[in-house]
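Worksheet for the structure shown next.
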Amino acid sequence: MSKQTYKVCFCFRRRFRVAVSEAPEEIKRVFEQYSENGMMSIDALHRFLVEFQKEDKATREDAQKIVDSVKHFHRKGLNLEGFFKYLFADINPPLASLGVHHDMNAPLSHYFIHTGHNSYLTGNQLSSDCSDVPIINALKRGVRVIELDIWPNSTKDNVDVLHGRTLTTPVELIKCLRSIKEYAFVASEYPVVITLEDHLTPDLQAKVAEMVTQTFGDILFSPGSECLKEFPSPESLKGRIIISTKPPKEYLEAKEVKENENDPEKVKASDEEAWGKEVPDLLKDDYKNDLGEEDEEDLDDDGDKSQHALAPEYKRLIAIHAGKPKGGLEECLRVDPDKVRRLSMSEQQLEKAAITHGKEIVRFTQRNILRVYPRGTRVDSSNYNPLIGWMHGAQMVAFNMQGYGRSLWLMHGMLKANGGCGYLKKPDFLLNPNKVFDPNVKLPVKKILKVTMYMGEGWYYDFHHTHFDAYSPPDFYARVGIAGVPFDSVMKKTKTLEDNWVPCWNEEFEFCLTVPELALLRVEVHEYDMSEKDDFGGQTCLPISELRSGIRAVPLNSRKGEKYSSVKLLMRFEFFDP
């Protein structure tokens, strides 16, 4: 195709949305099934919603609203063009609009919680700026756990937030606290937990206590006891701020660190592709054992320095006590019937512990909180596969929220569920004390998901016409798969369609799910490039637990997780019992 001809075709395409002639044959057959004389009546549309789309609670009024929403068509029904327009519309989303529908009256330990790691960093872990802006952005997205590393400022008379022993530039703690108060409940009314990594002297701990108390006032949750016997529920803590840290130790001056660890010039450049590395396969040994890794929260809750140097007003703020008891893994995972606590593990520590103590970790998380954080070598602020935490019941799977990549897409996808409130009730099998779930055992197939990838459209509205190729339309292909427990995780691929802004793949894929409660549907679109890296064309991750049956319009997001204005796919989802 010549450049001039391509421009003419492109201009023509921009004047029109997807033409009804491009509707897949199956869509036409479905329309014929529910229409008469080329018109789908209100009653027929209602039957289509109930029978085909599996919307059991759909009413005739719902069908009328759909017809009314499709402008320029007969008010008493839909012709094929109107039906096709409805299927591709925003009023036909892939996820159910259920709002907050999980039981929110169970203890905090019964929920997956949207959790940030080093929430104040704007970029990499070694040399980026510290700021309240990433904290604000995280809260706006529904993140419910904010992590702050607190250190004495340069004159040791105030408190800064920074990534200690690095070249990150600090931000004042008070600025972060005020921003948290202002934005904490913009996206969700459920509680915000502030996890503090404390490196302060007792006098500065007292200063922090004063800042926190004055900033948050009555919305600060302070149980007043030494340690909670059971965590309260998200429902009872609506609109509250919770402080979590270990009972503080005497401040120790920062040690000299090896030059190579802190020199940003010696940090290896990220080898992530433009849209991020593939999510690590939990069945493979992707996590090298790093015994030298420094724990973010050192051991020694009951060391004598800790208690003698303690600022009492600071200690009273701590609602969720954190830290590791002395001893081995068995002691760390010991369940105390008289008190609950928070334990932190790096992704590698959890991976190693899960090999031999998978069931014990699940049992621990039934009453206590487990926080998982990225390994120390992720200096580029990349992330890990969150399923390693979720499948073991970990409530706080801490992620670097300032970047992007496939792992973060999974986090965004999972936390869309339950109205995006930041709290997801864990599946019952993770909470059953009588039959503790073993993540290492393959279960029988529970559900079969059939996915039909019909077509996509909208790239010619959201991308410049030379974005993918200077002289011809793009060559799109889609990747469709499951992120879940290791036995469920898989990715499949459509054929590549050459020179087409509106690709019509019409391909079917089938996925066997042993643990559908933890599964996410992954969808990506790429543009094939023979000579260079394939171009990114959009992505989404959808929680299987809230995926709607039927033909749905699936919006795609950018690499940063921002929804495109026009790009979407037309897909069908069907669930079967094995």
Side-chain angles (χ1 to χ4, degrees), residues 108-109 115 117 147 149-151 164-165 193 195-202 205 223 225-231 243-255 257 287 289-312 314-376 388-389 392-398 436:
L108 288 176
S109 56
T115 302
H117 172 257
E147 182 188 19
D149 291 12
I150 49 178
W151 294 79
R165 301 193 285 266
V193 180
T195 61
L196 298 176
E197 191 176 320
D198 169 18
H199 306 272
L200 301 177
T201 54
Q205 291 168 359
S225 62
E226 280 294 306
C227 203
L228 292 169
K229 291 188 176 182
E230 185 178 67
F231 290 118
I243 303 298
S244 177
T245 185
K246 62 182 181 292
K249 293 185 284 187
E250 180 178 7
Y251 174 71
L252 300 175
E253 292 292 333
K255 302 174 184 177
V257 183
Y287 298 91
N289 185 18
D290 184 6
L291 297 177
E293 180 179 356
E294 181 181 346
D295 197 341
E296 287 193 347
E297 291 172 355
D298 288 331
L299 309 185
D300 189 23
D301 264 344
D302 35 9
D304 53 5
K305 287 183 179 180
S306 158
Q307 305 307 319
H308 293 312
L310 190 60
Y314 181 79
K315 185 180 180 183
R316 283 194 292 269
L317 297 179
I318 305 171
I320 300 177
H321 286 237
K324 291 180 181 177
K326 291 180 177 179
L329 187 58
E330 288 79 7
E331 189 62 25
C332 283
L333 297 174
R334 185 174 61 84
V335 177
D336 189 329
D338 297 319
K339 65 179 181 179
V340 289
R341 59 191 169 94
R342 173 171 69 82
L343 175 69
S344 283
M345 285 185 172
S346 73
E347 55 176 290
Q348 289 171 306
Q349 290 168 341
L350 175 59
E351 173 73 8
K352 183 181 178 184
I355 296 172
T356 54
H357 292 74
K359 291 180 69 173
E360 288 78 3
I361 296 170
V362 173
R363 188 188 302 277
F364 176 83
T365 61
Q366 291 176 348
R367 264 182 55 80
N368 301 281
I369 289 176
L370 176 61
R371 172 179 169 270
V372 186
Y373 58 90
R375 66 175 185 255
I388 183 64
H392 288 91
Q395 298 85 352
M396 296 183 178
V397 178
V436 179

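Computed over heavy atoms, backbone and side chain alike; hydrogens, waters and symmetry mates excluded.
Scanning both residues, Pro374 and Ala398, for their nearest heavy atoms gives CD-O, 3.4 Å. A pairwise comparison of heavy atoms in Gln349 and Met345 identifies OE1-CA, 3.4 Å as the closest pair. Minimum interatomic distance between Ala311 and Gln205 (heavy atoms only, all atoms of both residues): N-OE1, 3.4 Å. Counting all heavy atoms, side chain and backbone alike, Val335 lies closest to Pro337 at O-CD, 3.6 Å. The shortest heavy-atom contact between Gly389 and Leu350 is CA-CD2, 3.9 Å.
A salt bridge is defined here as a Lys NZ or Arg NE, NH1 or NH2 lying under 4.0 Å from an Asp or Glu carboxylate O, and Glu147 with Arg371 meets this definition. Between Arg334 and Glu331 there is a salt bridge, since at least one side-chain N of the basic residue sits less than 4.0 Å from a carboxylate O of the acidic one.
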### Task
Begin from the C-alpha positions of Tyr373 and Thr115 and carry the test side-chain contact (heavy atoms from CB on, under 4.5 Å) through to its verdict.
CA-CA 10 Å; Tyr373 58 90; Thr115 302; over 6 Å; no
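Here NE2 of His392 is found 9.5 Å from OG1 of Thr365. Values are rounded to the nearest 0.5 Å. Rounding to the nearest 0.5 angstrom, the gap separating the OG1 atom in Thr195 from the CG atom in Asp149 is 8.0 Å. The line from CG of Leu370 to CE of Met396 is 10.0 Å long, rounded to the nearest 0.5 Å. Atoms CD and CD1, from Gln366 and Ile361 in turn, are 12.5 Å apart once rounded to the nearest 0.5 Å. Note that NZ of Lys339 is 8.5 Å distant from NE2 of His321, once rounded to the nearest 0.5 Å. In this structure, the separation between CD1 on Ile369 and OG on Ser244 is 7.0 Å, given to the nearest 0.5 Å.
Side-chain contact of Ser344 with Arg342: a donor-acceptor pair under 3.5 Å is present, judged by distance alone. Between the side chains of Ser109 and Arg367, not a single donor N or O lies within less than 3.5 Å of an accepting N or O.
Residues Glu330 and Glu360 form no side-chain contact, since every pair of their non-hydrogen atoms from C-beta on lies 4.5 Å or further apart. Inter-residue side-chain proximity for Arg341 and Phe364 is flagged as met; some heavy-atom pair is nearer than 4.5 Å. Contact annotation: the side chain of Asn368 never approaches that of Leu343 to less than 4.5 Å [non-hydrogen atoms, C-beta and beyond]. Between Leu108 and Ile320, the closest side-chain pair of non-hydrogen atoms falls below 4.5 Å. Using a 4.5 Å heavy-atom threshold, the side chains of Leu200 and Ile150 count as touching.
Under the 3.5 Å distance criterion, the side-chain polar atoms of Glu351 are left unmatched by any main-chain donor or acceptor of Gln348. With hydrogens and angles disregarded, a donor-acceptor distance shorter than 3.5 Å links the side chain of Thr245 to the backbone of Leu196.
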